[in-house]
Amino acid sequence: MENRKVRVRFAPSPTGPLHMGGVRTALYNYLFAKKNGGDFILRIEDTDTDRFVPGAEQYIIEALKWCGIEPNEGVGFGDGPYAPYRQSERKEKGVYAQYAKQLIDAGHAYYAFDSKEELDEQRKKFDALKKNFSYNAITRLNLKNSLTLSAEEVKNKIDAGETYVVRIKIPADEEIRFQDIVRGWVVVNASQLDDKVLFKSDGMPTYHLANVVDDYLMKITHVIRGEEWLPSAPLHLMLYRYLGWEDVMPHFSHLPLLLRPDGNGKLSKRDGDRLGFPVFPLDWEDPITKEKSSGYREKGYFPEAFINMLALLGWNPGTEQEIFSVEELCKVFSFEHIHKAGAKFDPEKAKWFNEQFLRAKPDAEIANHIRTSVKNHFQFNDDDRRLSDSFLNRAVQLLKPRVQFENEMIEKGNYLFTAPTVFDEQAIAKKWKDGCKEFFESLKETLSSLDEFTASNIEPTFKECAAKNNQKPGDVLFLFRILLSGQGGGVDLMGMAELLGKEEVIARITKGLLVIAK
RNA sequence: GGCCCGUUCGUCUAGGGGUUAGGACAGCAGAUUUUCAUUCUGUAAACACGAGUUCGAUUCUCGUACGGGCUACCA
């Protein structure tokens, strides 16, 4: 068993957009597979026909692609040797029924004919006695199933087309233990478990059966999933045992949950809406309710940053390195460094990760990314010099240290692309003195005679001019900035002047003076 | 309620029987940039509580508290 090729799976249910917690689970599966030269499989667990949401499956596939953590086998990624990978299709092929039958024949499962209403009634009765109803070794003796009914009655009911479910027969008292890779030994007594439904009356297997059968059939070696599955792991272990597969049972790793940034509780869709950060990798619109949810992609995050942030939420490399490429993560990932407690998600740190990746990206690459948005935003013609490599690369260079996202550059760097129409009056009022107008007139002349209009030439020229006009450089420098950009803060002033070019700088001074000079 | 899992700065975390309990984000202060941002430096900030084991416990054990998960013919 230990020599088997590592095979892991991500097995989401297509009930809506993939939550970032789900993405993290997929990521850890991916990293573990890559680290060990194994396979990463995408299996769609669509056994709940009621909760099926059109488009969700496509969303999952697209999200994994955007994140760069693509399965090498499974729905949407090319079928492998164990197709199909959609449980609804596997059910059609009769994959699960035979195992349910096997369990029944071996006495480890049974037919149950109790209707939902009857069970609800039982629950109510127990509630009244302040007890919990559980379909188990004790209560099943008083319920309608193939354990209490005669073989003939059972046959008659089935032949008559009465609906039934198949339940696992959990022993009354037995210690069940298994070793979880992140949590160590987990011990539960079978008396705490109930006779979970394995096969529903609609003919679909439940998650529990389908998941165990498929993991076995698909030769999965490690089950890496969220902590919410921990309580049902003992049930799964029983299934492996009863099906005779215990020797090839996968290793289990239950990951800590992602918690909301404020207060307590599991991170949910609502938190994103309320606190203003995305909970999903991509934008999503619910096909039925038309409710919209925002995604990291559309918010402007780099997938690498999103993945890096997610990787460090509940896992650490054991070193002080924080910035990782996916390739690096594949090399250093291991279960030993998975933290056991849930992790509160911090939107601020998520932004910081994006900032780090932005800083590391070549200016030209960012320029190429934003070129179209700049063109559309300012309605430039294709041949506008402000869309050229030389202009855009330089603009990016100036703007890069001041933003966390590419798409912030357009708003923040507005004045690099278009002359200001409004000026910060308050700031001007503070610094504007007699002689300023004259200074700027003289500056215009001096600058226009400059041969090489570069930052390193403009600066000394500017200072000389200020001295000649008896102006404090600090004051007029500030005013110069406002004349050029309309505002008191912004990118490196001399760099900005160089980028704008001689004509534009002079034009802006002229125009600005008309507006602000009193 | 029952069962399971967890608990180190505000947050993500490192560490682990003897440490000045380390880093990062966020915060604060200072320097540089005459502004803002960047950058740099500094600073504040944590072992939930109570027993036990031990020469010594934040680290091991047990309780308590708190938090989370599960408790469906949902996954």
Side-chain angles (χ1 to χ4, degrees), chain A residues 11-15 22 45-51 87 112 114-116 119-120 123 127 130-135 163-167 180 182-184 186-189 191-194 196-208 210-211 225-234 254 256-257 259 261-266 309 312-323 337 339-353 355-356 359 398-403 412 424 427 430-431 472-479 481-482 487-493:
Chain A
S13 189
T15 54
E45 310 236 334
D46 55 351
T47 52
D48 186 350
T49 48
D50 293 340
R51 294 207 309 156
Q87 290 184 329
D114 320 270
S115 68
K116 274 179 192 158
L119 291 175
D120 280 345
R123 288 196 183 93
D127 271 353
K130 289 206 159 53
K131 282 167 114 180
N132 275 6
F133 173 73
S134 161
Y135 208 117
T163 63
Y164 62 87
V165 301
V166 175
R167 286 180 182 273
D180 185 280
V182 336
R183 280 150 217 285
V186 177
V187 186
V188 173
N189 194 286
S191 61
Q192 302 301 327
L193 270 38
D194 62 341
K196 278 268 179 293
V197 170
L198 264 20
F199 238 91
K200 302 185 262 188
S201 57
D202 65 359
M204 277 288 189
T206 58
Y207 168 84
H208 300 109
N211 143 275
R225 63 200 347 177
E227 194 186 347
E228 69 268 28
W229 293 110
L230 195 50
S232 52
H254 289 96
L257 263 16
L259 273 18
D262 68 327
N264 297 305
K266 182 158 77 154
M309 176 272 289
L312 275 291
L313 221 44
W315 171 86
N316 74 82
T319 65
E320 289 187 346
Q321 184 178 350
E322 290 202 89
I323 302 301
H337 288 288
H339 204 242
K340 289 182 182 67
K344 274 189 191 172
F345 169 65
D346 179 3
E348 287 308 313
K349 188 126 188 193
K351 289 182 194 163
W352 177 81
F353 275 107
E355 187 183 316
Q356 300 308 306
R359 297 279 168 83
L398 290 169
L399 254 9
K400 204 155 72 164
R402 334 182 65 83
V403 299
K412 281 238 164 105
D424 186 341
K430 263 189 239 166
K431 299 280 182 181
K472 265 169 78 181
D475 293 348
V476 282
L477 211 42
F478 184 67
L479 290 169
R481 174 184 289 287
I482 299 180
Q487 53 192 258
V491 303
D492 175 65
L493 182 51

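Nothing here was measured: the structure is a model prediction, and the numbers come from that model.
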Examine distances only and state if a side-chain atom of [X] and a backbone atom of [Y] form a donor-acceptor pair shorter than 3.5 Å.
X	Y	result
R481(A)	Q487(A)	no
Q321(A)	I323(A)	yes
K344(A)	L259(A)	no
T47(A)	T206(A)	no
D46(A)	P14(A)	no

Look at the side chain of [X] and decide which nucleotide, out of [options], has an atom nearest to it.
X	options	result
K266(A)	G69(B), C12(B), C73(B)	G69(B)
R51(A)	A75(B), U11(B), G22(B)	A75(B)
R123(A)	C73(B), C3(B), G69(B)	C73(B)
W352(A)	U35(B), A26(B), C74(B)	A26(B)
D346(A)	C25(B), C73(B), A75(B)	C25(B)
W229(A)	A75(B), U35(B), C73(B)	A75(B)
H337(A)	C73(B), C12(B), G15(B)	G15(B)

In whole Å, measure the gap between the [atom1] atoms of [N] and [M] for me.
N	M	atom1	answer
C9(B)	A45(B)	C1'	5 Å
G15(B)	G30(B)	P	36 Å
A48(B)	C66(B)	C1'	8 Å
U8(B)	C49(B)	C1'	15 Å
U11(B)	A26(B)	C1'	8 Å

At 4.0 Å (heavy atoms only), tell me whether [X] reaches a base, stays on the sugar-phosphate, or touches nothing.
X	value
D114(A)	base
G314(A)	sugar-phosphate
T15(A)	nothing
V197(A)	sugar-phosphate

### Message
Let me spell it out: for each of W315(A) and G490(A), pick the nucleotide of RNA chain B with the closest heavy atom. Which residue's pick is nearer the 5' end?
### Response
W315(A)
### Query
Starting at the 5' end of RNA chain B and moving along, which residue's nearest nucleotide shows up first, H208(A) or K130(A)?
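With H208(A) and K130(A) compared, the 5'-side residue is K130(A).
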Separation of atom [atom1] in [X] from atom [atom2] in [N], rounded to whole Å:
X	N	atom1	atom2	result
F353(A)	U13(B)	CZ	P	11 Å
D202(A)	C74(B)	CG	C1'	12 Å
L259(A)	C12(B)	CG	P	8 Å
D46(A)	C74(B)	CG	P	13 Å
F345(A)	A26(B)	CZ	P	14 Å
E320(A)	C12(B)	CD	C1'	13 Å
E348(A)	G27(B)	CD	C1'	12 Å
Q87(A)	C74(B)	CD	C1'	13 Å

Watson-Crick/G-U partner (both atom distances under 3.5 Å) of [N]:
N	value
G6(B)	C66(B)
A24(B)	U11(B)
A29(B)	U41(B)
G18(B)	C55(B)

### Task
Quick one: do M204(A) and Q87(A) satisfy side chain to side chain contact (heavy atoms under 4.5 Å, CB included)? Show the steps, please.
CA-CA 9 Å; M204(A) 277 288 189; Q87(A) 290 184 329; over 6 Å; no
Strictly below 4.0 Å: does [X] bring a side-chain N or O up to OP1 or OP2 of [N]?
X	N	result
K196(A)	C74(B)	no
R481(A)	U33(B)	no
K430(A)	U35(B)	no
T47(A)	A75(B)	yes
N316(A)	U13(B)	no

For nucleotides 4-8 of chain B, list the nitrogen or oxygen atoms of the protein found under 3.5 Å from its nitrogen or oxygen atoms, one pair per line.
{"unit_1": "C5(B)", "atom_1": "O2'", "unit_2": "R183(A)", "atom_2": "NH1", "d": "2.4"}
{"unit_1": "C5(B)", "atom_1": "O2'", "unit_2": "E227(A)", "atom_2": "OE2", "d": "3.2"}

### Message
Parallel, tilted or perpendicular: which one describes the rings of W229(A) and H208(A), with boundaries at 30° and 60°?
### Response
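Taking H208(A) first and then W229(A), their aromatic rings stand perpendicular (interplane angle over 60°).
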### Task
Apply side chain to side chain contact (heavy atoms under 4.5 Å, CB included) to the pair D180(A) and L230(A), showing each step before the final yes or no.
CA-CA 9 Å; D180(A) 185 280; L230(A) 195 50; 4.1 Å; yes
Polar atom pairs between nucleotides 38-48 of chain B and protein, under 3.5 Å, N or O only, would you list them?
{"unit_1": "U38(B)", "atom_1": "O3'", "unit_2": "R359(A)", "atom_2": "NH1", "d": "3.4"}
{"unit_1": "U39(B)", "atom_1": "OP1", "unit_2": "R359(A)", "atom_2": "NH1", "d": "3.3"}

### Task
Begin from the C-alpha positions of D48(A) and K200(A) and carry the test side chain to side chain contact (heavy atoms under 4.5 Å, CB included) through to its verdict.
CA-CA 10 Å; D48(A) 186 350; K200(A) 302 185 262 188; 4.3 Å; yes
### Message
Tell me whether K351(A) is salt-bridged to E355(A), with the criterion being a basic N under 4.0 Å from an acidic carboxylate O.
### Response
no
### Message
If you apply the rule side chain to side chain contact (heavy atoms under 4.5 Å, CB included), what do you find for F133(A) with L119(A), and how did you get there?
### Response
CA-CA 9 Å; F133(A) 173 73; L119(A) 291 175; 4.2 Å; yes
#### Entry: Quiz item: K349(A) side-chain donor-acceptor pair to A24(B) base, under 3.5 Å
yes
### Any side-chain heavy-atom pair of F199(A) and S201(A) under 4.5 Å
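Sidechains of S201(A) and F199(A): no contact.
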### Query
If you round to the nearest 0.5 Å, how far is CG of L313(A) from NE2 of H339(A)?
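So the gap between those two atoms works out to 11.5 Å.
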